[in-house]
Student: 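Can you keep this structure in mind? I'll have questions shortly.
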Amino acid sequence: MLRFDPTTLPASSDSLRGEVREFLAGQQQHLQNPNSDFTTGHDPDFSAKLGEQGWIGMTWPKQYGGGERSFFDRYVVTEELLAAGAPVSAHWIADRQSGPLLLRFGSAEQKQRYLSGITRGESYFSIGMSEPDSGSDLASVRTTAKRQTDGWLVNGTKLWSTDAHRNHFMVALVRTEPVSENRHAGLSQILVDLREDGVKVRPIRNIAGGEDFNEVVFSDVLLPLDRIVGEPGNGWQQVTSELAYERSGPERFLSAFRVLFEFVRAAGASPGAAQAAFIGRATGHLLALRRMSISVAGMLEAGQSPEVEAALVKALGNDFEKLLPEMARLAMPDGSMDDESWRNFRQAFAQTLLLSPSFTIRGGTREILRGVIARGLGLR
Ligand SMILES: Cc1cc2nc3c(=O)[nH]c(=O)nc-3n(C[C@H](O)[C@H](O)[C@H](O)COP(=O)(O)OP(=O)(O)OC[C@H]3O[C@@H](n4cnc5c(N)ncnc54)[C@H](O)[C@@H]3O)c2cc1C
């Protein structure tokens, strides 16, 4: 059943929060265009600096370059980076999801080969789940990997693969056996080197004018046998286990945070009634979501797999972050479109408004998350 135990961040996280703020104060060159959306801002130099600080792979074993720290520490660092609008997208997927996947299911050699580059902030991963006719219904993926004597021959197309044109690797979900009555059987995850394996990566422009996601085409791409992650055929179990990591973090409700931040800053110490009402309402939602997300961090820390709770945090969080620019627009005071002190707000607002349609689609749509929650409640 669904539960969110009250969880408090340990006292030690206060000093870590201070450390992150102090570090960020010295990184103004990387913070010229702050944006709290985790997919904007691909800055390898900044990722490498975070690696040096030990803030990537924070919970992983030291033997792979990790910090053996708690999920609470990771939470604090993540929250501070997003709130500041830092450029985190280069290492984000590798740190959040591909690394933990390899730690759990990868071979000893794969862990050795891939993890330390991630923790140094030098090695970046993409998620290869969606395809042209397969997004929500992931079990319908049609990309195949056929076993040959000397490798796996991969054919098919992945779609919406975030940053595949900038990243080094992709973990792709592929069919290694023909479809059977059990649609979830016969799927596997395979590691692709996006720069060396001869795949075609074509960026797709989004409504905001950015080229952040891609079409990735595999035409008779032969991958070495040791690229399969985990057991061949175990792909469905593995891919669904990634989702608690993918869906529960503060990035699922902080994407529009800079809009609120700049609004509060511009509204000043004595906001008008409409501005104060907006600030109070938005902050109330934010604090509730934050408590839920910290509770999920506590479950991850305890070694649990809270997929349903994560889906709830994401569903509510995405609704909030999508609505935030609209709430802010309604609360903007007269004259703020021309007022110099509202300039930063206008910039954050315009950027976020254009990105916000994606908030309730990426990582699982609103309808799909509601289905997961209903199943978790025993309603379907
Ligand atoms: C910005 C962005 C970045 C992304 N990055 C990645 C990435 O890096 N890697 C990756 O693999 N994918 C990525 N995606 C793809 C994303 O995961 C899919 O778009 C998403 O899962 C929806 O799949 P779809 O687009 O095929 O839509 P569909 O599955 O066709 O859904 C269309 C509509 O039908 C609804 N629907 C579908 N099935 C049901 C159902 N059973 N019950 C009720 N309603 C239903 C959906 O909720 C949606 O409203 C990204 C998407 C975006 C927008």
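When a ligand or atom number is given, it counts from 1 through the structure's own listing order. Each residue takes its place number in the sequence, starting with 1.
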Student: Would Asn35 and Gln351 count as a side-chain hydrogen bond (donor to acceptor under 3.5 Å, both in side chains) if you check the C-alpha gap in whole Å, the side-chain angles of each, and the deciding distance to 0.1 Å?
Tutor: CA-CA 8 Å; Asn35 192 318; Gln351 279 183 0; 2.9 Å; yes
Student: Please enumerate all residues that pass salt bridge (charged side-chain N to carboxylate O under 4.0 Å, His left out) together with Arg290, with sequence neighbours excluded.
Tutor: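 Salt bridge (charged side-chain N to carboxylate O under 4.0 Å, His left out) check on Arg290 returns Glu79.
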Student: Sort and list the pairs that fulfil side-chain hydrogen bond (donor to acceptor under 3.5 Å, both in side chains) and have at least one residue in residues 370-380, not counting sequence neighbours.
Tutor: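 For residues 370-380, and leaving out neighbouring residues, there are no side-chain hydrogen bond (donor to acceptor under 3.5 Å, both in side chains) pairs at all.
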Student: Hey, could you give me each pair passing ring-ring contact (aromatic ring centres under 6.0 Å, His included) that has a residue in residues 300-338? Not counting sequence neighbours.
Tutor: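 Listed once each, the pairs are His285-Phe320.
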Student: Near ligand 1, which residues have a heavy atom under 4.0 Å away from one of its atoms?
Tutor: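 The 4.0 Å shell around ligand 1 contains Ile127, Met129, Ser130, Gly135, Ser136, Trp160, Ser161, Thr162, Phe213, Ser358, Ile361, Arg362, Gly363, Thr365, Glu367, Ile368.
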Student: May I ask you to check if Arg362 and Trp160 form a cation-pi contact, with NZ or CZ under 6.0 angstrom from the six-membered ring centre and within 45° of the axis?
Tutor: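 No, Arg362 and Trp160 do not form such a contact.
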Student: Taking atom types as modelled, find out whether Thr7 and Asp5 have a side-chain donor-acceptor pair closer than 3.5 angstrom.
Tutor: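 Result is no, nothing qualifies.
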